[in-house]
Amino acid sequence: MTETPSGPGVVEEGPAGGDPSRPAPYPRPASYPGQDSYPRQDSYPRPDPCRVWYASYGSNTHLGRLAHYIDGGRPPGASRAHPGCRDRRPPAASVPVELTGALYFATESDLWGGGRAFYDPDAPGHVLARAHLVTVGQFSDIAAQEMYEEPGTDLDLTRALTSGRQTLGDGRYETLVRPGTLDGLPLLTFTAPWHLDDVPWNPPTAVYLGHLYAGLRETGAWDPATIAAYLASCPGVAGHWSAAEVAALGAAT
């Protein structure tokens with residue numbers, strides 16, 4: 001797997017089917033450190049790519065945790081095991097990215113306890129994330145496991161790729177979002193159909209939050225203080241975990 005320790009990649013943003021009544025997205029910087037490694041794209045790829053970038057913003061930023069979705073098995077601190085992907089190869093590449101929107105924690109995780117991480121692409125702000133280059137089959141199998149379904153069927157991603165959003169159901173992680181493209185390939189993720197202000201926030205558990213910190217830290221794109229302050233400011237974490245406590249959790253993960 002290829003690791004790129006420079007700054008976050010530049011994402012060419014695409015429509016995510018946002019509500020025009022919501023606040024305008026946080027303005028993106030014109031450039032990032034290491035921008036030359038990730039050139040901007042002027043057009044969107046064909047709607048049936050063999051590979052996609054899976055934009056992880058939660059615990060799957062941590063490669064050790066993501067490996068259990070790919071290889072199968074029970075992550076340390078989790079309540080159950082995952083069946084894994086049909087294709088057990090690791091991501092071909094894994095790079096840091098920043099997405100327009102907001103990270104928040106809500107509902108109650110059956111796997112970790114505490115709040116789950118969700119991405120609201122229509123909210124103001126920016127999200128520190130990690131994009132993993134995977135096959136469409138791997139993305140489909142990871143998404144199925146996040147939805148508590150059996151992996152084994154490739155998703156038809158046409159609507160997500162062409163309109164920016166695709167609803168597979170009304171539950172958590174059943175809404176596909178395409179925040180944009182990276183290196184000419186679509187950047188895809190999954191989240192809930194609701195917005196961050198539509199549901200009660202719920203603080204995450206220590207082990208879950210530790211995975212987020214560790215995953216962002218191992219990219220090398222952001223310094224530890226920036227990561228800790230970012231996570232401590234997210235709805236659901238703010239007021240429950242300080243930046244110092246978040247950093248301590250990540251160091252122990």
Side-chain angles (χ1 to χ4, degrees), residues 1-3 50-95 103-119 127 129-157 160 166-177 187-193 202-219 231 236 249-250 252-253:
M1 182 188 66
T2 303
E3 276 296 319
C50 295
R51 296 185 301 170
V52 298
W53 290 100
Y54 160 42
S56 58
Y57 54 84
S59 62
N60 285 341
T61 56
H62 193 196
L63 288 175
R65 190 272 174 271
L66 177 65
H68 290 89
Y69 271 135
I70 295 176
D71 296 333
R74 178 178 174 178
S79 64
R80 57 181 175 78
H82 301 301
C85 294
R86 290 165 288 171
D87 183 345
R88 302 295 176 98
R89 292 175 296 175
S94 184
V95 299
L103 175 69
Y104 67 100
F105 296 81
T107 72
E108 183 76 15
S109 172
D110 296 335
L111 187 67
W112 304 103
R116 298 180 177 96
F118 292 104
Y119 168 53
V127 174
R130 194 173 193 179
H132 306 292
L133 186 59
V134 297
T135 67
V136 169
Q138 287 177 313
F139 177 81
S140 300
D141 287 349
I142 293 168
Q145 292 173 85
E146 287 280 18
M147 298 174 196
Y148 295 168
E149 297 179 359
E150 285 297 315
T153 302
D154 284 2
L155 293 170
D156 180 355
L157 303 173
Q166 180 174 344
T167 301
L168 304 176
D170 58 4
R172 74 273 173 284
Y173 302 131
E174 293 183 351
T175 298
L176 305 181
V177 175
L187 192 71
L188 291 171
T189 193
F190 31 77
T191 187
N202 190 24
T205 59
V207 64
Y208 185 63
L209 192 57
H211 279 301
L212 272 73
Y213 178 92
L216 295 175
R217 182 189 60 193
E218 69 185 3
T219 68
L231 291 173
L249 291 176
T253 301

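Position 1 is the first residue of the sequence, and the numbers go up from there. Only heavy atoms go into these numbers, but all of them, side chains included; no hydrogens, no water, no symmetry mates. Note that the structure is a prediction, hence the values are computed from the model and not measured.
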Might you point out which heavy atoms bring G236 and P204 nearest each other, and give the distance in Å?
O-CD, 3.8 Å

Where do Y173 and A117 come nearest, in terms of heavy atoms and distance?
OH-O, 2.6 Å

Just wondering, do L155 and V136 contact through their side chains at under 4.5 Å, heavy atoms?
no

Taking the side chain as C-beta and beyond, is there a heavy-atom pair between L176 and L188 under 4.5 Å?
no

Would you say the side chain of V207 lies within less than 4.5 Å of the side chain of W112, judging by non-hydrogen atoms?
yes

Donor-acceptor pair, distance only, cut-off 3.5 Å: does the side chain of Q145 make one with the backbone of Y69?
yes

I need the minimum non-hydrogen distance between C85 and I142, along with the two atoms involved.
SG-CG1, 3.8 Å

Distance-only, no hydrogens or angles: does the R116 side chain make a donor-acceptor pair with backbone N or O of E108 under 3.5 Å?
yes

Can you find a pair of side-chain heavy atoms, one from R65 and one from N60, that are under 4.5 Å apart?
yes

Hydrogens and angles aside, do R172 and T107 bring a side-chain donor and acceptor to less than 3.5 Å of each other?
no

For L187 against A131, the heavy-atom pair lying closest together
CD1-CB, 3.7 Å

How long is the gap from OG1 on T189 to OH on Y57, to the nearest 0.5 Å?
5.0 Å

Between P91 and I70, is any pair of side-chain heavy atoms under 4.5 Å apart?
yes

Using atom types as modelled and distance alone, determine if a side-chain donor or acceptor of Y208 lies under 3.5 Å from a backbone N or O of L111.
no

For H211, does its backbone N or O pair with a side-chain atom of S59 as donor and acceptor, under 3.5 Å?
no

Whether T191 side chain and F118 backbone form a donor-acceptor pair below 3.5 Å:
no

Salt bridge (Lys or Arg N to Asp or Glu O under 4.0 Å) contacts in which one or both residues fall within residues 80-93, not counting sequence neighbours
R86-D141, R86-D154, D87-R89

Ring-plane angle category for F139 and Y54, please: parallel below 30°, perpendicular beyond 60°, tilted otherwise.
perpendicular

Looking only at heavy atoms, what is the nearest atom pair of H132 and S56, with distance?
NE2-OG, 3.1 Å

About how many Å separate OH of Y119 and OG1 of T175, when rounded to the nearest 0.5 Å?
13.0 Å

Looking only at non-hydrogen atoms, find the nearest pair between P151 and G84 and report the distance.
CG-O, 3.3 Å

So F190 and V177, do their side chains get closer than 4.5 Å, heavy atoms only?
no

Does some side-chain heavy atom of S94 sit less than 4.5 Å from a side-chain heavy atom of L63?
yes

